[in-house]
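Here's the structure, in structure tokens; my notes come after.
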Amino acid sequence: MRNVFIGALMAAAVGLCSCGGCASKPESVSTVKVDGGAGYPENSPVADHGRLQVIGKQLCDEAGNPVQLAGMSTMGWQWCGDCYTRESIENLVKEWNISILRLAMYVEEEGYNTDPEGFTKKMCEFIDICGDLGIYCLVDWHVLCPGNPLDPKYAGADEFFHHIANKYANKSHVLYEICNEPNNCQEKGDTTKPWVCTKEANVTWDMIAEYANRIIPVIQSEYDAVAAPHPIIIVGTPQWDQLVDACLKEGMCQGNGKDICEEYPVRDARLKQDNIMYTFHFYANEHNSGFEKDGKPDFYNMYSYMYDVFAKLPIFCTEFGPTDADGNGVVAYDKTDTWLLMFEGRNAGTQLVSYCCWSYSDNYRTSSVLKPGACERQAWNDLTPAGEYIKKVLAVVNGGAKDTTVLKISNIYKK
Ligand code: IDC
């Protein structure tokens, strides 16, 4: 039995639309040659791991070994473009130990749709910089409002992904996230009621799958054309990437904290293509062990829910914040630790889960890792408290640093 916990998600929505199978770490390393790492800087993540693939439920490298990528996500370039230069990204690689950068390209919200050519060009510039530095990058078609990836406002997806896949099929470092956070907020416009989130406008897994089955072939056919293995394609899940196993359940109850289902019949509506992963997002101060209701201690327990989901599907956490879902508020270190420790294979599937942190920016919100004004000053290590924490996490996870002030063992979630 599983309750779904919409109330906190809706709280998240208010904030975000309000303005503009492998076991844990491998013990033995396979000796398969990594051809896809050729041409990338020596000892860089891409040189070491080459073309990524999904084996069972695990993201693996070209040699078939489980791999965990950990890095940062950009914010919207339209708002804080001065944060993303070759130097700032190089600093993230050298000083922060990132192995992946998520390139969050908003489509609405003053993004891609205002200048498709300009945004595509920018995306390519960033992809090239990541390649030069030998890190992976995630091309994020940042769907937000409206929340339906099938909405005509997102009609540019085919052309955009065709262009990127055609250009980069011979490269190993590009991953695709074809729709950020599907959600049921369908309208925005006037200032008194800028968006409307309704049960009727619910975006179901079937709608996302229709979109995915349209876009995945657009990408994969470009790789087929040059006889390259298919890249990793990450697909959003309903309710802001929080009903993560919707493809395994018949219908989904939705909406506004009013309509919570006790149980869903099981089905298998997973996508059939290879190298597909499903998205999970969390904002630690809201999405955690939740609360008790009607005498049920687990009424809303996101940890418990995801602990099991990691045994069912290959998951990529393409965005998380250590704060509230509006990107602001308390920085919840211990709650974030709990998630990140779960990502280290301490889950029902012993899945190693890759992740990107929101956000590498100097926006005023507490989830931003740089202090306001840092980008203009090119002060790439002028950190907020969230930044100090995340930088240490990346040093531990990617750099092997010993630091007991993060990922504290006392925060392990035991089911
Ligand atoms: C937020 C930005 C904010 C921007 C808003 C757009 O921080 O500056 O005005 O988007 O509506 C997400 C989204 C991400 C949000 C982020 C923080 O993927 O676009 O960014 N968030 O609210 N999901 C949950 C939180």
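Just follow the structure's listing: the first ligand is 1, and inside any ligand the first atom is 1.
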(request) Decide side chain to side chain contact (heavy atoms under 4.5 Å, CB included) for Asn180 and Leu144; before the verdict, give the C-alpha distance in whole Å, the side-chain angles of both, and the deciding distance to 0.1 Å. (result) CA-CA 7 Å; Asn180 175 64; Leu144 198 57; 4.0 Å; yes

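Atoms of ligand 1 found under 4.0 Å from any heavy atom of Asn180, numbered from 1 in the order shown, are 18 (O). Atoms of ligand 1 found under 4.0 Å from any heavy atom of His142 (numbered from 1 in listed order, with element): 13 (C), 14 (C), 18 (O), 19 (O). Each of the atoms 1 (C), 2 (C), 10 (O), 14 (C), 15 (C), 19 (O), 20 (O) of ligand 1 lies under 4.0 Å from some heavy atom of Tyr106. Of all atoms in ligand 1, listed by their number and element, those nearer than 4.0 Å to a heavy atom of Arg365 are 3 (C), 7 (O), 8 (O). Near Asp326, meaning under 4.0 Å from one of its heavy atoms, ligand 1 places the atoms 17 (C), 22 (O).
For the pair Trp79 and ligand 1, the shortest N or O to N or O distance does not fall below 3.5 Å. The N/O atoms of Leu144, backbone and side chain alike, include none that comes under 3.5 Å of an N/O atom in ligand 1.
Residue Trp240 does not touch ligand 1, judged by heavy-atom distances below 4.0 Å.
Taking the six-membered ring for Trp and thresholds of 30 and 60 degrees, His142 and Trp358 have nearly parallel ring planes, at less than 30 degrees apart.
Of all non-hydrogen atoms in Glu222 and Ala169, the two that sit nearest each other are O-CB, 3.7 Å.
The shortest heavy-atom distance from Trp358 to ligand 1 is under 4.0 Å. For His281, the closest heavy-atom approach to ligand 1 does not fall below 4.0 Å.
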